[in-house]
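Notes for the one structure printed next.
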Amino acid sequence: MTVYHYTDRSNLDSIMRCGLKATSRYESFTELRKNVVFCWLSPFDNKIFSDDMVCLAITVDEKNCIVASMDYISFAMMYKYGGSKHGGMNIPVNETASDLFVKLYETTAIPLFQYQDGNLFSPEVLVKGDISPENIRVYIGK
């Protein structure tokens, strides 16, 4: 199956040579986000916009992927770290709300092969492990 990943254009040469490395940047929220590459189901699902971004088409094994609602984890981060409300100062707004959104995120996450379009508002694909360069190509469009 093909999923999509956006990256800064300056990373492209390295990614095409070495692949995409899984990250655990947000593992403090949930084990689901540990050792994953974050992707989208469609090249049009990207939520981070920049003129310097390039879309990559990634071939993945569906068995290594989970689909979860980016909205829930985004709200969890906002309540835990304050987000733009506090200028990114990492001031907790409501940690109980953060914990509840993490629980929603975990409860509604499903294996990719079970996902049906429309189940989640902003579905993100969590691909477990690194992705080798031979499974990556630059997405040009249809």
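No experiment lies behind these values; they were computed from the predicted model shown. For the numbers below, each heavy atom of this structure counts, side chains included, while hydrogens, waters and symmetry mates do not.
- When all heavy atoms of L120 and A68 are compared, the closest pair comes out as CD1-C, 3.6 Å.
- Partners of A57 under the side-chain contact (heavy atoms from CB on, under 4.5 Å) rule, at least two apart in sequence or in another chain, are T2, Y4, R137, Y139.
- Under the 4.5 Å side-chain contact rule for hydrophobic residues, M1 and Y115 share a cluster.
- For E106, the side-chain hydrogen bond (donor to acceptor under 3.5 Å, both in side chains) partners are T30, not counting sequence neighbours.
- Partners of N64 according to the side-chain contact (heavy atoms from CB on, under 4.5 Å) rule, which considers only residues two or more places apart in sequence or in another chain, are D61.
- Put simply, the side chain of Y6 gets close to the backbone of P43: a donor and an acceptor are under 3.5 Å apart.
- With a 6.0 Å radius and a threshold of 12 heavy atoms from other residues, nucleotides or ligands, K103 has its NZ atom at or below the threshold.
- Once rounded to the nearest 0.5 Å, the distance linking CD1 of I15 with CZ of R9 reads 11.5 Å.
- With sequence neighbours left out, D99 forms a side-chain contact (heavy atoms from CB on, under 4.5 Å) with no residue at all.
- Taken from CE in M77 to OH in Y72, the straight-line distance is 15.5 Å, to the nearest 0.5 Å.
- Connection of I140 to L12 is established within a shared hydrophobic cluster, with ILVMFWY side chains joined at heavy-atom distances below 4.5 Å, either directly or through further cluster members.
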Only pairs under 3.5 Å count here: list side-chain donor-acceptor contacts from residues 122-136, not counting sequence neighbours, and write none if there are none.
{"residue": "S122", "atom": "OG", "partner": "D71", "partner atom": "OD1", "Å": "3.1"}
{"residue": "S122", "atom": "OG", "partner": "D71", "partner atom": "OD2", "Å": "3.2"}
{"residue": "E124", "atom": "OE2", "partner": "R33", "partner atom": "NH1", "Å": "2.5"}
{"residue": "E124", "atom": "OE2", "partner": "Y105", "partner atom": "OH", "Å": "2.6"}
{"residue": "K128", "atom": "NZ", "partner": "K34", "partner atom": "O", "Å": "3.1"}
{"residue": "D130", "atom": "OD1", "partner": "A22", "partner atom": "N", "Å": "2.7"}
{"residue": "S132", "atom": "OG", "partner": "E134", "partner atom": "OE2", "Å": "3.0"}
{"residue": "S132", "atom": "OG", "partner": "N135", "partner atom": "ND2", "Å": "3.2"}

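- F113 and V3 fall into different hydrophobic clusters, defined by Ile, Leu, Val, Met, Phe, Trp and Tyr side-chain heavy atoms under 4.5 Å apart, directly or through other members.
- Take F75 and apply the ring-ring contact (aromatic ring centres under 6.0 Å, His included) test, not counting sequence neighbours, and it matches F101.
- Among residues two or more places apart in sequence or in another chain, the side-chain contact (heavy atoms from CB on, under 4.5 Å) test is passed with Q114 by I110, P111.
- Under a hydrophobic clustering in which Ile, Leu, Val, Met, Phe, Trp and Tyr are joined whenever their side-chain heavy atoms come within less than 4.5 Å, directly or via other members, Y81 and L100 fall into different clusters.
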Given the rule in the side chain to side chain contact (heavy atoms under 4.5 Å, CB included) test, do M70 and W40 qualify, once you have shown the distances and angles that lead to the verdict? CA-CA 10 Å; M70 189 185 93; W40 302 106; 3.1 Å; yes
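- Here the CG-NE2 distance, from L56 to H5, works out to 6.0 Å after rounding to the nearest 0.5 Å.
- For N11, the side-chain hydrogen bond (donor to acceptor under 3.5 Å, both in side chains) partners are T7, not counting sequence neighbours.
- Applying the side-chain hydrogen bond (donor to acceptor under 3.5 Å, both in side chains) criterion to S10, with sequence neighbours excluded, gives D8.
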